[in-house]
Amino acid sequence: MVVKNGGQERRVRSRTSQDEDDGSESDEERMRDQREKEELERHIRERDAAGTRKMTDQKLTKKEEEEAIRRSNALENDGLDTLRKMSRQEYLKKREQKKLEELRDDIEDEQYLFEGVKLTEAEYRELRYKKEIYELVKKRTEEFDNANEYRMPDAYDDQEGGVNQEKRFAVAVQRYRDPAAEEKMNPFAEQEAWEEHQIGKATLKFGSKDKKQKHDNYEFVFEDQIEFIKAAVMDGVNVEQESSKQSPEASLAKTAFEKLQSDRKTLPIYSYREELLKAINEHQVLVIVGETGSGKTTQIPQYLHEAGYTERGKIGCTQPRRVAAMSVAARVSQEMGVKLGHEVGYSIRFEDCTSEKTILKYMTDGMLLREFLGEPDLASYSVVMVDEAHERTLSTDILFGLVKDIARFRPDLKLLISSATLDAEKFSDYFDSAPIFKIPGRRFPVEIHYTKAPEADYLDAAIVTALQIHVTQPPGDGDILVFLTGQEEIETAEETLKHRTRGLGTKIAELLICPIYANLPTELQAKIFEPTPEGARKVVLATNIAETSLTIDGIKYVIDPGFSKMKSYNPRTGMESLLVTPISKASANQRAGRSGRTGPGKCFRLYTAYNYYNDLDDNTVPEIQRTNLAHVVLALKSLGINDLLNFDFMDPPPSEALLKALELLYALSALNKHGELTKVGRRMAEFPLDPMLSKMIVASDKYQCSDEVISIAAMLSIGNSIFYRPKDKQVHADNARLNFHMGNVGDHIALLKVYSSWKETNFSTQWCYENYIQVRSMKRARDIRDQLEGLLERVEIELTSNANDLDVIKKAITSGFFPHSAKLQKNGSYRTVKHPQTVHIHPSSGLAQLLPRWVIYHELVLTTKEYMRQVTELKPEWLVEIAPHYYQLKDVEDLASKKMPRGEGRAVKD
DNA sequence: GAGCACTGC
């Protein structure tokens, strides 16, 4: 088992070691578990007793000591002592809650991941034990619910040492769960109670006698209506098979495993099995067009295994998303009757659930890309399947070039590219006219409606349309999904909808409004998966997240205004921006298809048929053409690909972007003047970060502050979702944020302070709530930091701390970010030193009022103005000291204070 | 004094 970092190790190992009864490792594991159990019991009995902390961790013990010292110091003052005692009790209470959440997650994980696998007696005992403890403690803690302070709701992902993915995933793939197991321990009990309540409300208000009344009041609902024209029908395919699959009597007598096997045979792909295997045998590269529901992702690797391909090497299957890789692997392991992590495994960042035995490996596309670094010919694979290739993520696009290349000198390697219909020809052309194999999916027909005339205000039009559907269509026949561009728009729409339905009271059926976007706390996201109460209707207001990332059952109507936010990158200025842009035809069809999953659907497009055919692009511009390529170029260089301008990209990125990336890497000394990778560059390539961040880490070795710098790098790389700023508590949130800026240390150091303070509280969730910080983001930062710490060793950098000397930390930052320097102008704006342009400090920065003369910034963003985000003050002489090849003295001489002699020319040299 | 689609390593 490959283990990525310490934090992950325990979790991963505990999952897979359970089936091996011999070996000291699992003995040790069991003993530790035993200790933890005892620990937990003690907590229940002696809630208020001190000193019951877990002693296995060195750091904790140290904290324990500090606490003792503080206590004895405080003895002089009785009042203080009492206070400390109280805070201690408070702490224990919180700790108990945390332990409880951990336990709950453990149980859910095990139930999900090892479902359908026969447990040993010991394992069964352990699971039962955990459940008992959980129920016991839960009952007890529920009595202590005090909530006077501000609190964000608890998330499913409150789990020590883990990212949220498993919990999100648990909700998203509920249909794979065993209903019997659900009964035993139901983590959704609260929601169900709430649903019952809603159902109660619904039946009270909306009996059948209301139906007529509703119709009578129809005209009260709308001031103006939108006219639609039904223009097309996306045909359903193989729909009748869906019903034949549903015959429960046939499978009644079978075991769960037999049922899985017979279910496999009802998939559309099953009848193509032999033909498919023959085609794969005859051709090295095959493009597979398999529509949603065809079963390609789960079945093809199994077919290949059954046909003996795994004797020559493992089968890898890439997915664009972590959740998909995990859930598909879990499903396939069930179908094959093996434990997840053995013959079938998955590999995603922070979590490698594979072993030597693994022959079917599901992974994220980025993960296969990293594997190329260690195994450039993919020698251990006999088949590579790039799934969901039509999504054209940055990683799949690079993978295309790489696998096409290695396929030439590895004729035994089979390549499968699976895509949606639209792009198949293009994929085939790219892979030297590889044959296309079509597998029908299962989809219900979808009626497409266009507006008669263009709508000026699409948000208002969307709301009106939603209400129109709600009132004219019988309740209970299906939910509505509206695609909007962002959080703010969703919030506005939610308010408007509430406002408009409130006045109508019981004249219309109840309308449940469910917002969903990636930054929404996880437990609020779960709301959209709850079944709609009878007599009511759900309207889901979603961003693009609902286009591919998650699937909501029961959607019958889709409202598509035709816009989404898209990131664009200007290689000339290095400026990023998010723009609301019209979607592509492919996107529009994907959206429409979301309504035909469980029955015939309808899609209302808030634009005309003319717009669709003439104004929308066929496909979304692939990510590789609108992003900063520095990281990509470094990765390719480290794979020995030197001629990037002639690299075989399916859609080449603008050469300007490639040149900009090369130029930057040269400035960072990652490439020499021949464009070859240097030793520094090789070390930088080990880090899964933007090269400027990697350089900053590599440089921290010299300044003896790698400990601080990796924290900063982790915090910077999670982006701007750290501080939580609810609309109604903006002042509090801002004050909390200002605390970290004490001493005007700059944004980088402030981020470091946030991380270290959180660490000092032992990664407390409560602390995050109190400081208006998003726990989810912090946990992510911790995972990334752990990973970076593990990688330090590989590039031979020692973990050294130098927290007191902020200047050396800033110098290390400058070593990576010196190309991003800017100088204050007279009018309070800034001017970037290289490639001069006018920019401003972002108002969220701690330095926004201070305006230091010289700054370095993390990134440029274009919103209402050109802003620098994450800014730190800088001594200009550092630039010359650290990057003499990039800056000369005259670049940094202060024109504001002294006049340049005539004839010296401009201070800025390019 | 602003405003952040979505992934992934």
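Computed from a predicted model, the values in this text were never measured in an experiment. In the text below, chain A, chain B and the rest are named by the order of the sequence lines, each starting its count at 1.
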Have a look at [X] and say if it touches a base, only the backbone sugar-phosphate, or nothing, with a 4.0 Å heavy-atom cut-off.
X	answer
A/Ser844	nothing
A/Thr364	sugar-phosphate
A/Asp734	base
A/Ser395	nothing
A/Thr864	sugar-phosphate
A/Asn544	nothing

Return the nearest nucleotide to the side chain of [X]; candidates are [options].
X	options	answer
A/Arg737	B/dC9, B/dC6, B/dG1	B/dG1
A/His842	B/dC9, B/dA5, B/dA2	B/dA2
A/Arg869	B/dA2, B/dC9, B/dC4	B/dC4
A/Met367	B/dC9, B/dA2, B/dG8	B/dC9

Sequence-distant partners of A/Ser418, side-chain contact (heavy atoms from CB on, under 4.5 Å), two or more places apart: A/Ile288, A/Lys296, A/Met385, A/Asp387
Pair A/Arg780 + A/Asp783, salt bridge at N-O below 4.0 Å: no
Rounded distance in Å - CG (A/Leu634) to P (B/dG8): 22 Å
Interatomic distance where CD belongs to A/Glu391 and C1' belongs to B/dT7 [whole Å]: 9 Å
Of all pairs that satisfy side-chain hydrogen bond (donor to acceptor under 3.5 Å, both in side chains), the ones with a partner from residues 389-401 of chain A, not counting sequence neighbours: A/Arg321-A/Glu391, A/Asp365-A/Thr393, A/Arg392-A/Asp397, A/Arg392-A/Asp651, A/Thr393-A/Thr396
Row check, A/Phe483 ring normal vs A/Arg591 NZ/CZ: under 6.0 Å, within 45°: yes
